[in-house]
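Before any comments, here is the structure.
A note on names: the letters A, B, ... follow the listed sequences, proteins ahead of strands, and every chain is numbered from 1. When reading the values below, keep in mind they use all heavy atoms of this one structure, side chains included, and skip hydrogens, waters and symmetry mates. Please read all numbers here as calculations on a predicted model, not as lab measurements.
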There are 2 protein chains.
Amino acid sequence: MSKFAPEKDGAMFSKACEHGIKAIVYIATQSLEGRRVKIGDVVENSGSPEAFTGKILGALTKHNIVNSLTGPYGGFEIAPKRMKEIKVSDIVFAIDGDSVYKGCGLGLSECSNTEPCPVHSKFVKIRNELKKMLETTSIYDLAVGLKSGKTILIR
Amino acid sequence: MSKFAPEKDGAMFSKACEHGIKAIVYIATQSLEGRRVKIGDVVENSGSPEAFTGKILGALTKHNIVNSLTGPYGGFEIAPKRMKEIKVSDIVFAIDGDSVYKGCGLGLSECSNTEPCPVHSKFVKIRNELKKMLETTSIYDLAVGLKSGKTILIR
DNA sequence: TTATTTTAGGACATTTTTATCTTAAATAAG
DNA sequence: CTTATTTAAGATAAAAATGTCCTAAAATAA
């Protein structure tokens with residue numbers, strides 16, 4: 001029935017970001033068991049497109065969120081210590097930028113307490129809760145849930 | 001720095017939805033003073049593109065969120081009584097569909113309590129608060145804020 | 001060194017969203 | 001009835017996001 005943005009599925013993050021989070025969480029589960037994984041393995045277990053995910057992992061590698069090695073026996077890995085430090089917010093920031101923190105609910109270029117858009121005050125409240133959630137959820141947390149079978153990546 | 005979705009500005013709603021909300025709020029302020037407004041007047045005061053906004057208002061007209069009249073002295077208007085009944089959630093629903101209520105944080109086609117994605121539980125909490133906020137904020141509330149000069153539509 | 005494996009990254013293609021253009025339909029006034 | 005004004009809506013265009021393809025670069029091992 002919705003004529004506009006008919007494919008928009010209420011996503012708070014871009015597809016790139018969704019693929020990135022899924023890939024990182026899967027890589028983390030494997031790193032917890034000492035396994036370095038190749039891109040093919042990643043997308044097989046995260047349900048994301050291979051080439052696109054490769055690009056995204058490249059960016060996340062630059063941001064030091066994941067470690068990559070070329071050549072035979074290469075692949076992606078995340079040090080368990082890092083998993084606890086890296087928060088979902090870091091992935092979102094690396095891919096979508098600081099959008100989550102700054103954007104106006106109605107798309108104004110600037111929107112603040114002193115000159116707010118009509119939904120500003122209510123919007124900021126929700127966004128701050130989202131921000132806090134992202135900043136307090138570590139990759140380790142998510143990886144443990146996935147490894148234990150409590151959560152899934154593909155459907 | 002963000003290579004992906006570089007134009008994505010952290011929007012929770014589509015552009016179509018943003019334009020729609022701004023247009024409706026402006027029309028409401030004018031209707032409160034008994035003025036029916038033309039599309040040209042609307043976009044001049046909401047900063048949105050004219051033809052696109054016209055399309056969106058067409059959809060909102062069909063959904064009975066705004067009333068339109070063709071011909072001279074025609075334009076858009078909203079009965080003050082309706083303004084208090086219409087919630088932001090109605091506009092979002094008319095344009096973006098039920099996405100806000102159903103979408104999975106990581107884009108899975110299905111994602112529920114029994115088979116959740118890694119961020120499901122935390123994501124649902126935030127989304128429910130967003131939903132409640134949208135469902136309890138009326139067009140009348142927003143129009144009053146704009147009319148009094150407390151909020152703005154263009155920047 | 002050479003062959004092989006794997007990520008890196010630029011160029012290209014597709015899909016979705018956003019936006020415009022043009023014509024039709026409706027309405028009111030003369 | 002004719003004309004002017006205004007929204008309705010289909011066709012089209014542009015822009016942005018998503019996704020693929022291909023070659024280069026890096027690393028390893030024989």
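- One atom, CZ of Phe4(B), and another, P of dA8(C), lie 12 Å apart when rounded to the nearest Å.
- Atom-to-atom, NZ of Lys55(B) to C1' of dT20(C) comes out at 8 Å; the value is rounded to the nearest Å.
- Out of dT18(C), dA11(C), dG10(D), the shortest distance to the side chain of Ala16(B) is found at dT18(C).
- Mapping Pro49(A) and Leu57(B) onto DNA chain D by nearest heavy atom places Leu57(B) closer to the 5' end of the strand.
- Among the protein residues, Gly75(B) comes within range of the sugar-phosphate backbone only, with heavy atoms under 4.0 Å from sugar or phosphate atoms but none that close to a base.
- For Ile95(A) and dA17(D), the CD1 to P distance is 14 Å, given to the nearest whole Å.
- Salt bridge annotation for Arg155(B)-Glu110(A): present, with a cationic side-chain nitrogen under 4.0 angstrom from a carboxylate oxygen.
- Taking 4.0 Å as the cut-off between side-chain N and carboxylate O, Glu129(A) and Lys125(B) do not count as a salt-bridged pair.
- The interatomic distance linking Ile56(A) (CD1) with dT7(C) (P) rounds to 15 Å, in whole Å.
- In this structure, Lys87(A) contributes its side chain and Thr137(A) its backbone to no donor-acceptor pair below 3.5 Å.
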Identify each atom pair where a protein N or O and an N or O of nucleotides 25-30 of chain D are less than 3.5 Å apart, giving names and distance.
from	atom 1	to	atom 2	distance (Å)
dA27(D)	O4'	Thr70(A)	OG1	3.2

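- Side chain to side chain, Ser99(B) and Asp96(B) fail the donor-acceptor criterion of an N or O pair below 3.5 Å.
- Between Lys132(B) and Glu135(B) there is no salt bridge, since no side-chain nitrogen of the basic residue lies less than 4.0 Å from a carboxylate oxygen of the acidic one.
- Note on Leu134(B) and Val124(B): separate hydrophobic clusters, where clusters join Ile, Leu, Val, Met, Phe, Trp and Tyr whose side-chain heavy atoms are under 4.5 Å apart, directly or indirectly.
- In the hydrophobic clustering of this structure, Ile27(A) does not group with Leu69(A); members are Ile, Leu, Val, Met, Phe, Trp, Tyr whose side-chain heavy atoms approach within less than 4.5 Å, directly or through other members.
- Whole-Å rounding puts the Lys62(A) NZ to dG9(C) P distance at 5 Å.
- Within 4.0 Å (heavy atoms only), Ile39(B) reaches sugar-phosphate atoms of the nucleic acid but no base atom.
- Whole-Å rounding puts the Phe52(A) CZ to dT15(C) C1' distance at 12 Å.
- Counting to the nearest Å, the C1' atom of dT6(D) and the CD atom of Glu44(B) are 16 Å from each other.
- For dA17(D), neither phosphate oxygen OP1 nor OP2 lies less than 4.0 angstrom from any side-chain nitrogen or oxygen of Lys15(A).
- Rounded to an integer number of Å, the gap from Phe13(A) CZ to dA17(D) P is 17 Å.
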